[in-house]
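Every chain is numbered from 1 and lettered A, B, ... according to where its sequence line falls, protein lines coming before strand lines. Given the structure is predicted, the values throughout are model-derived calculations rather than measurements.
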Amino acid sequence: MGHGGKKSAQITWSEVEADAAGECACAHVDAIWRLRQVFEPELVEKGMEELFRDEEMPLVTTLAHMELHGLAVDTGTLHEMAAVMATDIANLEEDVYKSVGHEFNIGSPQQLSQILFEEIGLPKTRRLKTGAFATDKDSLDALRGVHPIVDLIFEYRELAKLKSTYLDPLPSLVNARTGRIHTEYNQAGAATGRLSSHNPNVQNIPVRGEAGARVRRAFVGRDNGPDPQLLSADYSQIELRIMAHITGDPGLVSAFENDEDIHAATASEVFGVPIDEVSPEMRRRAKVFNFGVLYGLSEYGLSVKEKIPREDAATFIRTYFEKYPGIQEYVSETVSSVRMNGYVQTLFGRRRYIPEIHSGNFNVRNAAERAAINMPVQGTAADIIKIAMNGLDERLTSNGMRSWMILQVHDELIFECPGEELEDVRKLCLDIMPASLEMKVPLKIDTKVGRNWGEMQYGEAVDLAAYG
DNA sequence: ACCCCGTGC
DNA sequence: GAAATGCACGGGGTT
């Protein structure tokens with residue numbers, strides 16, 4: 001919904017004369033009808049009319065319901081947090097200036113580079129296009145412990161980011177009439193078929209870290225009372241399950257069929273130990289492999305990220321593909337297919353054209369290959385949740401329920417429910433969400449409930465009676 | 001308008 | 001031999 005643009009200096013419909021508005025609306029309808037004459041045959045020819053008719057068109061209504069209903073935020077909490085954070089940030093700035101000997105703009109990457117690497121003389125990082133040295137997280141991570149200013153920068157950045165991106169803008173996005181936040185979803189914003197969200201972007205609200213979790217707690221149920229009113233249902237490991245389904249790789253499929261911890265199972269395979277002897281470090285590393293393969297991670301990228309010799313990274317990747325040969329096959333077949341056809345597609349026929357695959361530029365071409373490898377997986381996940389959203393919206397409406405689907409965060413749906421409907425909505429989710437696609441592996445749904453988005457407890461474990 | 005950086009999945 | 005993990009949005013600095 002919405003026009004999806006970032007910003008526009010337009011007047012609103014309420015300021016337009018009724019006659020002029022009618023004229024304009026008719027012109028739109030006429031234009032859309034003529035566009036249909038052009039695009040409908042193309043959809044048919046490409047085998048995408050079902051995707052369009054049964055998935056995307058119903059989603060227009062579903063998203064409209066979500067946007068119009070909106071969600072409640074506790075603006076009091078946001079304002080308090082912003083005030084506390086302002087003094088924390090001021091104190092950190094003072095500490096930084098004292099450490100350097102003078103004031104400067106910590107938020108300016110150029111000035112910060114000058115201070116850290118020229119004035120203080122810290123070991124230089126990679127050079128940016130601008131000539132300055134990189135001050136991003138990974139670069140500064142290597143300098144922790146070298147000088148006390150590094151930790152101060154990290155603390156400053158964390159708080160400044162949260163305040164400027166979330167705490168300060170959110171209260172002003174509360175609609176005066178509804179008292180709620182009404183994000184706009186862009187249905188055709190992402191090249192893979194994912195949704196995007198803006199005004200505000202509800203798909204990148206912090207979740208990690210103590211300060212970040214506090215921001216999430218400001219997203220509350222309608223009454224903002226002690227009783228849980230929010231229900232979250234998310235697809236567990238949906239992209240790796242799709243990878244298992246597409247590739248049919250026996251190791252991956254059997255891990256999911258047996259409901260194993262997938263990263264532990266991968267660690268067990270790659271490191272050659274029984275699954276109950278997998279150490280936390282081995283599991284963490286296997287998780288990097290599993291996510292890396294979805295994005296086309298290279299041996300160089302792995303060696304940098306894991307701080308291991310390139311040869312070791314190469315060995316890991318080779319072993320990984322030996323254990324999951326179906327994945328290796330998928331990667332090479334996808335790349336040759338995109339070269340041949342010029343596009344890749346999801347299991348529902350959604351296409352992404354990638355002309356850069358023929359680029360003469362090595363970098364551009366490699367990036368195109370990685371995008372091609374990722375799209376069918378990420379895009380099929382997007383199709384699956386979109387179809388589920390339509391089913392859920394339809395059922396919530398036809399059942400006459402008072403619960404609302406209010407948020408989508410790629411693999412997660414959030415509902416605002418009267419307490420007595422929580423259990424019914426959970427059952428609807430468990431019923432509908434896995435049903436979008438018949439797969440070689442189960443689609444698993446985890447559910448949580450809570451009084452706000454930051455304090456959610458896993459479904460089965462929660463005794464709803466305890467909440468009265 | 002672009003760059004850098006950081007948040008989410 | 002290059003560059004080196006996919007998809008978004010937003011704040012703030014700089015030009």
Side-chain angles (χ1 to χ4, degrees), chain A residues 4-7 104-113 126 128-140 153-154 156-170 173 183-186 188-209 211-213 215-216 234-235 237-239 243 288-306 310 313 317 334 344 352 354 359-379 381-382 385 407-412 453:
Chain A
K6 285 182 199 313
K7 213 177 217 181
F104 67 100
N105 189 343
I106 308 172
S108 160
Q110 282 200 37
Q111 292 185 39
L112 186 61
S113 167
R126 72 190 156 86
L128 301 171
K129 289 178 188 173
T130 54
F133 297 96
T135 62
D136 62 286
K137 198 175 197 312
D138 286 345
S139 302
L140 292 192
I153 301 290
F154 274 111
Y156 169 87
R157 283 221 177 126
E158 182 187 2
L159 299 189
K161 169 76 173 177
L162 291 175
K163 184 170 186 294
S164 69
T165 306
Y166 304 105
L167 297 180
D168 292 339
L170 277 175
L173 289 165
T183 187
E184 288 178 25
Y185 290 101
N186 188 342
T192 55
R194 271 190 178 183
L195 298 178
S196 69
S197 149
H198 71 140
N199 287 341
N201 182 352
V202 294
Q203 296 181 319
N204 71 348
I205 303 295
V207 62
R208 307 179 185 103
V215 176
R216 211 166 251 234
D234 70 276
Y235 288 97
Q237 304 291 359
I238 187 167
E239 294 197 354
M243 185 64 98
V288 172
F289 302 158
N290 279 332
F291 282 115
V293 78
L294 294 172
Y295 303 148
L297 183 64
S298 69
E299 67 177 59
Y300 175 85
L302 183 63
S303 73
V304 170
K305 183 160 175 56
E306 288 297 293
R310 204 173 151 148
I317 290 176
T334 301
V344 283
R352 176 178 185 177
I354 308 184
S359 168
N361 181 308
F362 182 87
N363 308 323
V364 174
R365 204 167 58 242
N366 273 0
E369 289 183 5
R370 295 191 294 271
I373 292 163
N374 179 253
M375 187 275 175
V377 179
Q378 188 181 117
I385 196 168
L407 288 175
Q408 191 253 41
V409 192
H410 307 305
D411 65 354
E412 175 185 25
W453 198 10

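If you check every strand for non-hydrogen atoms under 4.0 Å, A:Gln111 touches sugar and phosphate atoms only. Backbone-only engagement by A:Asn105 is indicated by non-hydrogen atom pairs under 4.0 Å involving sugar-phosphate atoms exclusively.
Listed nucleotides C:dG6, C:dC9, C:dG11 differ in distance to A:Pro169; the shortest reach to its side chain belongs to C:dG11. Nearest to the side-chain atoms of A:Asn366 among the listed nucleotides C:dG6, C:dA3, C:dA8 stands C:dA3.
Here the closest heavy-atom approach between residue A:Ala371 and residue A:Ile354 is recorded as C-CD1, 4.1 Å.
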Go along nucleotides 4-9 of chain B 5' to 3' and tag each nucleotide: B for a protein heavy atom under 4.0 Å from its base, S when only backbone or sugar atoms are that close, - otherwise.
-> SSBBBB
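Side-chain nitrogen and oxygen atoms of A:Ser197 include none within less than 4.0 Å of the OP1 or OP2 phosphate oxygen of C:dA8.
Residues that satisfy the salt bridge (charged side-chain N to carboxylate O under 4.0 Å, His left out) test with A:Asp168, not counting sequence neighbours, are A:Lys163. Here A:Phe291 pairs with A:His263 under the ring pair (Phe, Tyr, Trp, His ring centres under 6.0 Å) rule; sequence neighbours left out. Every residue was checked against the salt bridge (charged side-chain N to carboxylate O under 4.0 Å, His left out) condition with A:Glu412, not counting sequence neighbours, and none meets it. For A:Gln203, the side chain to side chain donor-acceptor pair (under 3.5 Å) partners are A:Gln408, not counting sequence neighbours. Residues satisfying the side chain to side chain donor-acceptor pair (under 3.5 Å) criterion with A:Gln111, sequence neighbours excluded, are absent altogether.
Rounded to an integer number of Å, the gap from CZ of A:Arg370 to P of C:dG6 is 4 Å. If you measure from atom CD of A:Glu299 to atom C1' of C:dA2, you get 15 Å, rounded to the nearest angstrom. Here the C1' atom of nucleotide C:dT5 and the CD1 atom of A:Ile317 are 11 Å apart, to the nearest Å. Between the CG atom of A:Asn290 and the P atom of C:dG6 there is a distance of 17 Å, given to the nearest Å.
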